[in-house]
Amino acid sequence: MLAHGQTVIQYVEGLAPKAMAMEGDKIGLHVGTLQKKVKKVMIALDVLESVVDEAIAEGVDLIVAHHAVIYRPLKNIRTDLAAGRVFEKLLKHDIAVYTAHTNLDVAVGGMNDWLAEAVGLVDVEVLDVLHRDTWKKLVVYVPKSHRDAVFQAVCQAGAGSVGNYGHCSFQVEGIGTFMPGEGTQPFIGAEGKLEQVEEVRIELVLPASRQSAVVKAMMAAHPYEEVAYDLIPLDLPGTGYGIGRIGYLPQPLTLRELAELVKERFSLQGVRVVGDLDGTIKKVAVVGGDGSSFASKAIFRGADAYLTGDIGYHTAHDAQAEGLSIIDAGHNIEKIMKEKLATYLLERLKENGYETEVISSRVHTDPFQFV
């Protein structure tokens, strides 16, 4: 069974909801349609002509990219120029392109977590919190026969997590009453007859951002024609979401050693470094892509070193003056998302019974090299 295009993107957005994207970011469907069955998905960092050629050769139906194929307003689509040929090939071969950018950066278990993990950081926190989720409590009444089915469904959809504990709930048994009205098709009972049913009241907390998915899963697993449930707002601080991560190295390294580690972990020819190469680094901030605007936040949070890409000349001077070391590893370190997102998406598809293939682009898209 092949997954529908919309289904594939639902799994992507399960990791990186569109609401997490920064204002004005060019995310979502850029080319083609999701109203089709998808045999093969390719995960790419950039959508260059060489990447599209690869997708054509691989028989790909959908490209999920990190960087937008339409970033600046289009003035024309000239097929005699490289930019125009990209769109010509995508449309001729019915290849859709979907972009997950800053929503993937912000996501828990997304881009910046992958970068922090690759460096080996521990006690990791969000560098710059942009917004916080809120909490709600779900209360649902379920016949005893379907207690486990509903409970497992809502937990898998995102309810019932408290810190590092999952499947957290309070459950109590009782008697539910109802009288099916005219024209109803009750799971239990008959029209016009008062019923008394042994039910279970299940209570779980959930992030407000998961409400839609949790309610949908609950409805699908619940046997009743009309489901009795409550959603109660809670005055509790939720998870903070934002750009970048900050954490500690398992053991102190010199800036030189950290730079060599970064080169190794991301398969780089070289990196640009600001700071004393023999200085000791314990606390490291990480931002994928262009991190110039977050250097001051790294300083404020007490980082010894800042790993990012595309640092500007004057930003480097400012950081140097404040004692912040910088490793500019280039924008292309975000290529880590190809294998990571492909693995995540393939797991979601397989566990739901889909045979849609997922591959990661093998084309090297970094325009820079060291000589």
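Side-chain atoms are counted along with the backbone in the values below, which use heavy atoms only and exclude waters and symmetry mates. As the structure is a prediction and not an experimental result, all values here were calculated from the model.
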- Task: Specify the closest pair of heavy atoms between Val287 and Leu115, including all atoms of both residues, with the distance to one decimal.
- Result: C-CD1, 4.4 Å
- Item | Side-chain donor-acceptor pair present, Glu351, Tyr11, cut-off under 3.5 Å | no
- Query: Between Phe187 and His146, does the ring centroid distance fall short of 6.0 Å?
  - Reply: yes
- With no hydrogens and no angle check, do the side chains of Gln35 and Thr33 hold a donor and an acceptor under 3.5 Å apart? no
- Quick check: are there more than 12 heavy atoms from other residues, nucleotides or ligands sitting under 6.0 Å from OH of Tyr248? no
- Query: Within a strict 4.5 Å, meaning less than it, do heavy atoms of the Glu173 and Arg147 side chains meet?
  - Reply: yes
- Query: Is the closest side-chain heavy-atom distance between Thr356 and Thr7 below 4.5 Å?
  - Reply: no
- Give the minimum heavy-atom separation between Ala329 and Val262, together with the two atoms involved. CB-CG1, 3.9 Å
- Spell out, as yes or no, whether a donor-acceptor pair under 3.5 Å connects the side chain of His30 to the backbone of Val97. no
- Would you name the heavy atoms of Asp290 and Thr308 that are closest together and state the gap between them? C-OG1, 4.2 Å
- Please confirm whether the backbone N or O of Val52 pairs with a side-chain atom of Lys89, one donor and one acceptor, at under 3.5 Å? no
- Heavy-atom closest pair, residues Asp310 and Asp328: N-OD1, 3.2 Å
- Count the heavy atoms belonging to other residues, nucleotides or ligands that lie under 6.0 Å from CD of Glu226, then report whether that count exceeds 12. no
- Determine, for Glu260 against Lys263, whether the closest basic-nitrogen to carboxylate-oxygen distance falls under 4.0 angstrom. yes
- Message: Can you give me the closest heavy-atom contact between Leu45 and Glu334, atom names plus distance?
- Response: CD1-CB, 3.7 Å
- Message: Please determine whether the number of non-hydrogen atoms from other residues, nucleotides or ligands lying under 6.0 Å from atom OH of Tyr71 exceeds 12.
- Response: no
- Query: Counting N and O atoms only, with roles assigned by atom type, does the side chain of Arg210 sit under 3.5 Å from a partner on the main chain of Ala157, one being a donor and the other an acceptor?
  - Reply: yes
- Hey, does the side chain of Asn112 reach the backbone of Gly288 with a donor-acceptor pair shorter than 3.5 angstrom? yes
- Closest non-hydrogen atom pair between Ile77 and Phe87, with its separation: CG2-CB, 4.1 Å
- Would one find more than 12 heavy atoms of other residues, nucleotides or ligands at under 6.0 Å from atom OH of Tyr165? no
